[in-house]
Amino acid sequence: MRLSKFAIVVFVLAFSLSSFAQNIELFQQFNGRYDYTAIGNTLNIVENQAFTPCDILTSSSSNLSLNSNQNVVAAYIYWAGPGTGDFDIEVNGIPVTADRTFNHTLDELRVFFAAFADITSIIQNQGNTTYTVSEIDLSDVMAFPYCVVSGSGTNFGGWAITVIYEDFNLPLNQLNVYDGLQGVPETLTIVLDNLNVLDNEGAKIGFVAWEGDSGLAVNEQLSINGNVIGNPPLNPINNAFNGTNSFTGSSDLFNMDIDVYDIQNNINIGDTSATITLTSGQDFVMINNVITVLNSQLPDATILVNDYDIFCGDRTIDLEFTVFNTNSTDFLPANTSVAFYADNTLVGLTATQNDVPINDFENGTVSLFIPESIGDSFTLTLVVDDDGFGNSAITEIIETNNSFEINLDLLIIPPIETLPQTLSCDKAFNSATFDLVDILNSNNINMSNNVRFFETLADLEMNSNEILIPENYSNTSNPQTIYARIENPPCYNVYAFDILVENCPPHIPDGFSPNGDHTNDWFNIQGLYNIFERHELKIYNRYGTLIFEGNNDNPWYGLINRGLNNHGKLVPVGTYFYIINFNDPNYQSEVGWVYVNY
């Protein structure tokens, strides 16, 4: 079972150096052609008994001998003793510091410690050789109360190295490493979960235990699922923890045990847990490490991209992929999750639709939206058996081949090219007519491919709400940006230009005749009204007297509206002086004469 989409064959849990939970719990799981062996040695000179010497060694050695086809994939060292602990040791002269620590309290006087470190690299580099563990200094804590309490001793020290190896001649196994630190006398029950028993042939269970005495065999029994187990003559059923190593046949590991038992007849196909029970009427034993090896039939999910479609200016990718179950020994179940990551950011999640048989596959499709935060070039990673949070639900033969990566580039629209603005005279109310096609032509834009005009960039990108008659377009705001889209497969080019409406100089007539014939009846200044909408018009008679004031809503029809007399009457025939204040920063006031006749 993977813990992350990029997990290696072993899912590795990270722990800080601190007192770790004491109950025996699953630490790591291996699925494949794996088995293990263990070496170790005591630091005791003799078995601890009443009134024996408290002297203890600071180092001891043991030999590792693997076959040439047994390749080390993991190696863990456990060491233990009385007191609060020595957590810095050496393995063949290489400093090793505890990754995790454990402790157990026997009574108000006696506490014990155990420590763990991952030394895979050391074992892989040095291989078959003699391993000496040193710099374990427990001499300061070996005196009272550990040597003699109520006539029995609990002084001990030792180390054990668990070596997990891969051997392609092995059957497919599930190997679970459990650890913690739990003690007995009387009764200890440990429930091992996370099992997947598919075939019990060759099933076995191993232990690393501390402080067991070969000379104490009072009601000391080890049971699994209610069945007493043993390995006589090395491990009698009434004295399981008696200072032995089942792998080497050694019986002089004073006050520690490295034992393994055949449990083929004590565990059943389909079991997902096992219950271990240890009873002892006198001997004090602490369990530090439990390993189960069970034959297993498993799927092996892999994934591959078949094809994909990327559209111009679109951050959505249509993807075709295949989930395989090759090199497997069991079907891959339906609803196996598939996660999609763009530069490690989750962008999609789907699942298989059917059970995938052994050596078969299933095709799938998905549409993925790539957020702007990802960028335009990215690595797309597909991970089968991933719930989108890096968690998996399927135990597989190989846990390192669940992902597939592909580098992708979105089809990016070329940068918008900005053209010079185009001006036109205001026809009224800041509006004018523009020939958008002619504007592109005047800027030497190649329009051999299809060209469309739009009022917004969003409309251009969606290719909707096209300007239907671009040759005769009236602006809707001033200024206004127009966007042109010219197809340029596989993408398109975008041009933007502003159209602006400006106030052009008005045409001022020399005269008018307000005689009611509906011809030239008012002072019609063309290009002024509804264009210079804030203008002010003033009319003076030849004596310089103000006789009329007007604006955009009040043109001059020859009537008087200022002065003391003749309000609302027509002016006499004659020449009149005008001042036009445009109230436009681009234009100065205009002055001149206009002739009124009837």
Side-chain angles (χ1 to χ4, degrees), residues 418-440 442-443 453-456 467 469-484 495-514 518-563 567-568 570-571 574-597:
T418 302
L419 304 178
Q421 64 185 17
T422 297
L423 299 175
S424 184
C425 291
D426 190 353
K427 300 301 182 183
F429 301 110
N430 292 311
S431 180
T433 300
F434 298 86
D435 186 339
L436 306 182
V437 175
D438 185 64
I439 291 174
L440 288 189
S442 65
N443 284 279
F453 296 89
F454 301 87
E455 293 180 337
T456 69
I467 295 173
I469 307 176
E471 294 84 359
N472 187 27
Y473 177 74
S474 295
N475 63 296
T476 58
S477 62
N478 185 37
Q480 182 178 359
T481 302
I482 298 297
Y483 299 92
Y495 299 90
F497 54 89
D498 288 339
I499 53 176
L500 289 85
V501 176
E502 64 175 351
N503 295 334
C504 296
H507 172 70
I508 304 175
D510 294 331
F512 67 99
S513 56
H518 303 294
T519 301
N520 199 26
D521 277 341
W522 61 293
F523 191 19
N524 184 9
I525 304 173
Q526 298 178 19
L528 176 68
Y529 292 96
N530 297 329
I531 296 172
F532 293 91
E533 298 175 52
R534 298 174 59 248
H535 79 270
E536 297 172 343
L537 174 65
K538 294 182 179 182
I539 305 295
Y540 297 85
N541 62 21
R542 61 180 178 170
Y543 302 108
T545 301
L546 178 66
I547 63 171
F548 178 82
E549 282 188 288
N551 53 37
N552 192 69
D553 298 321
N554 186 22
W556 191 36
Y557 286 90
L559 301 174
I560 298 171
N561 68 2
R562 291 292 183 271
H567 276 231
L570 291 170
V571 297
T575 301
Y576 295 86
F577 183 76
Y578 62 81
I579 300 177
I580 303 174
N581 294 320
F582 294 102
N583 288 321
D584 186 319
N586 296 319
Y587 290 88
Q588 296 181 350
S589 298
E590 188 83 19
V591 298
W593 297 93
V594 61
Y595 181 71
V596 178
N597 192 12

(request) Indicate, with yes or no, if the rings of Tyr473 and Phe453 have centres closer together than 6.0 Å. (result) no
(message) Take a 6.0 Å sphere around CG of Asn586 and say whether it holds more than 12 heavy atoms from other residues, nucleotides or ligands.
(response) yes
(request) State the CG-OG distance between Asp498 and Ser477, to the nearest 0.5 angstrom. (result) 9.0 Å
(message) For a quick test of reading the model, state the closest non-hydrogen atom pair linking Ser513 to Thr519 and the distance between them.
(response) OG-O, 3.8 Å
(request) State the CG-CD1 distance between Leu436 and Ile469, to the nearest 0.5 angstrom. (result) 11.0 Å
(request) Please report the closest heavy-atom contact between Leu537 and His535, naming both atoms and the distance. (result) N-CD2, 4.2 Å
(request) First locate atom CZ of Phe434, then atom CG of Asn472, and finally report the distance between them rounded to the nearest 0.5 Å. (result) 11.5 Å
(request) Could you tell me which non-hydrogen atom of Pro479 sits nearest to which non-hydrogen atom of Leu500, and how far apart they are? (result) CB-CG, 3.6 Å
(request) Evaluate the side-chain proximity of Pro506 to Ile531: yes if any heavy-atom separation is below 4.5 Å, no if none is. (result) no
(message) Does Leu440 form a side chain to side chain contact (heavy atoms under 4.5 Å, CB included) with Leu419? I'd like the steps, not just the answer.
(response) CA-CA 9 Å; Leu440 288 189; Leu419 304 178; 3.6 Å; yes
(message) If you define the side chain from C-beta out and look only at heavy atoms, does anything of Ile499 sit under 4.5 Å from Ile439?
(response) yes
(message) Looking at every heavy atom in both Cys425 and Val501, which two are closest together, and how far apart are they?
(response) C-CG1, 4.2 Å
(message) Tell me every residue that passes side-chain contact (heavy atoms from CB on, under 4.5 Å) with Val591, counting only those two or more places apart in sequence or in another chain.
(response) Phe577, Ile579
(message) To the closest 0.5 Å, what do you measure between CD1 (Ile525) and CH2 (Trp556)?
(response) 10.0 Å
(message) Are Arg534 and Asn552 packed together at the side-chain level, in the sense that at least one heavy-atom pair is separated by less than 4.5 angstrom?
(response) no
(message) Does any part of the side chain of Gln480, heavy atoms only, come nearer than 4.5 Å to the side chain of Glu455, both counted from C-beta?
(response) yes
(request) State, with a plain yes or no, whether a side-chain heavy atom of Val596 is found less than 4.5 Å away from one of Phe512. (result) yes
(message) If we ignore hydrogens and angles and just use 3.5 Å, is the side chain of Asn475 paired with the main-chain N or O of Ala432 as donor and acceptor?
(response) yes
(request) Please report the closest heavy-atom contact between Ser474 and Thr433, naming both atoms and the distance. (result) OG-OG1, 3.8 Å
(request) Please identify each residue that fulfils side-chain contact (heavy atoms from CB on, under 4.5 Å) with Tyr557, with sequence neighbours left out. (result) Trp522, Pro555
(message) Between Asp435 and Glu471, is the side chain to side chain contact (heavy atoms under 4.5 Å, CB included) condition met? List the steps.
(response) CA-CA 4 Å; Asp435 186 339; Glu471 294 84 359; 3.9 Å; yes
(request) Indicate, with yes or no, if the rings of Tyr578 and Phe523 have centres closer together than 6.0 Å. (result) yes
(message) Once you measure the plane-to-plane angle for Phe582 and Tyr587, does it fall in the parallel (<30°), tilted (30-60°) or perpendicular (>60°) bin?
(response) tilted
(message) Within the 4.5 Å heavy-atom criterion, are Tyr576 and Asn541 side-chain neighbours or not?
(response) yes
(request) Flag the pair Asn554 / Asn561 as yes when at least one side-chain heavy-atom distance between them is below 4.5 Å, and no otherwise. (result) yes
(request) Quick one: pull up CG in Asp584 and CD in Glu533 and give me the separation to the nearest 0.5 Å. (result) 11.0 Å
(request) For the residue pair Leu559 and Leu570, establish whether any side-chain heavy-atom pair is separated by less than 4.5 Å. (result) yes
(request) Nearest 0.5 Å please: distance from the CD1 atom of Ile547 over to the CZ atom of Arg562. (result) 11.5 Å
(request) Measure across Thr456 and Tyr483 and return the closest heavy-atom pair with its distance rounded to 0.1 Å. (result) C-CD1, 3.6 Å
(request) Would you check if there is a donor-acceptor pair between the side chains of Asn581 and Ser589 at a distance under 3.5 Å? (result) yes
